[in-house]
Amino acid sequence: MANQLGFWWPDDRHYSSEWGAEEGSPPEGGAMVTESEVVADLLECGLDDWVALHDVVWYGTQGEVNPQSKVIVVEVLRCLFAERLMVPGDLLEEGFVDWPEHVDWLGRAESELERFGWAPMGDGFWLRLTDRGRSQAEGLS
């Protein structure tokens, strides 16, 4: 059928804002991811390379940094550190250098997140898999 502009356009065409949510899709405004989902994603990423702070923020916030998503990111880091799945460190000329064991990893991580305004964009610390983290990540694949 022709529309007012003179070319074919189906009558049942709707704007995406009119579409109903598909079954299983997140509700409008986005759904929060769970801590376990983010941990699994980061472990799988760690199989290929070191994981940037930016990736931790992205997976935990899905691009929407708000108080609830910040809590998820912090809890994910707490889990990764407490379960000894990943170790934080810095990328230096000599490669990945673990943060010292005696440092409060979570406190330091939170400080870096705040310093970068929760948008590290490649800055900040990195994470590497431990043997335990690698084993768990390989079990996910």
Side-chain angles (χ1 to χ4, degrees), residues 1 3-141:
M1 170 149 323
N3 63 13
Q4 293 176 351
L5 300 175
F7 58 87
W8 181 83
W9 192 266
D11 288 332
D12 62 347
R13 173 78 181 221
H14 296 281
Y15 295 103
S16 61
S17 62
E18 297 174 81
W19 299 341
E22 293 182 34
E23 190 173 328
S25 67
E28 195 169 314
M32 300 297 288
V33 294
T34 66
E35 177 186 326
S36 60
E37 290 171 328
V38 177
V39 167
D41 287 338
L42 295 173
L43 291 175
E44 288 181 327
C45 287
L47 286 171
D48 295 325
D49 203 352
W50 298 309
V51 177
L53 179 58
H54 175 80
D55 294 324
V56 177
V57 173
W58 172 253
Y59 282 105
T61 67
Q62 298 293 297
E64 292 186 34
V65 178
N66 57 50
Q68 294 84 12
S69 65
K70 286 180 178 182
V71 168
I72 289 174
V73 170
V74 171
E75 289 305 312
V76 163
L77 289 170
R78 182 186 322 277
C79 174
L80 293 172
F81 299 160
E83 297 294 323
R84 295 295 204 202
L85 300 172
M86 298 185 103
V87 173
D90 297 304
L91 289 183
L92 304 175
E93 275 187 37
E94 59 270 20
F96 191 97
V97 177
D98 292 355
W99 284 356
E101 290 284 328
H102 67 274
V103 170
D104 172 15
W105 289 352
L106 190 59
R108 184 171 170 186
E110 287 180 281
S111 293
E112 286 205 20
L113 286 164
E114 290 299 326
R115 183 166 56 111
F116 294 117
W118 287 80
M121 304 303 291
D123 290 325
F125 65 90
W126 292 70
L127 299 170
R128 71 162 178 82
L129 284 178
T130 61
D131 290 339
R132 181 178 180 168
R134 180 167 302 285
S135 176
Q136 188 165 328
E138 288 170 344
L140 295 170
S141 309

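Given the structure is predicted, the values throughout are model-derived calculations rather than measurements.
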Hey, is the main chain of [Y] close enough, under 3.5 Å, to the side chain of [X] for a donor-acceptor pair?
X    : Y    : result
W105 : P100 : yes
S135 : D131 : no
D90  : L92  : no
T61  : S69  : no

Inter-residue atom distance [X].[atom1] - [Y].[atom2], 0.5 Å rounding:
X    : Y    : atom1 : atom2 : answer
M32  : N66  : CE    : CG    : 5.0 Å
L43  : R132 : CG    : CZ    : 10.5 Å
L127 : D98  : CG    : CG    : 10.5 Å

If you look at every heavy atom in [X] and [Y], which pair is closest and at what distance?
X    : Y    : value
A109 : L77  : CB-CD1, 4.0 Å
C45  : Y59  : SG-OH, 3.3 Å
P88  : F96  : C-CZ, 3.9 Å
L42  : M86  : O-CE, 3.9 Å
L106 : R78  : CD2-NH1, 3.1 Å
A137 : L129 : CB-CD1, 4.5 Å

Check whether any side-chain heavy atom of [X] lies under 4.5 Å from a side-chain heavy atom of [Y], and answer yes or no.
X    : Y   : result
D123 : L53 : no
D41  : V33 : no
V38  : V73 : no

- Message: Under the rule for ring-ring contact (aromatic ring centres under 6.0 Å, His included), what residues qualify as partners of F125, not counting sequence neighbours?
- Response: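 Checked F125 against ring-ring contact (aromatic ring centres under 6.0 Å, His included); matches are W99.
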- Using the test ring-ring contact (aromatic ring centres under 6.0 Å, His included), find all partners of F116 that sit at least two apart in sequence or belong to another chain. none
- Message: I'd like to know whether CD of E93 has more than 12 heavy-atom contacts from other residues, nucleotides or ligands below 6.0 angstrom.
- Response: no
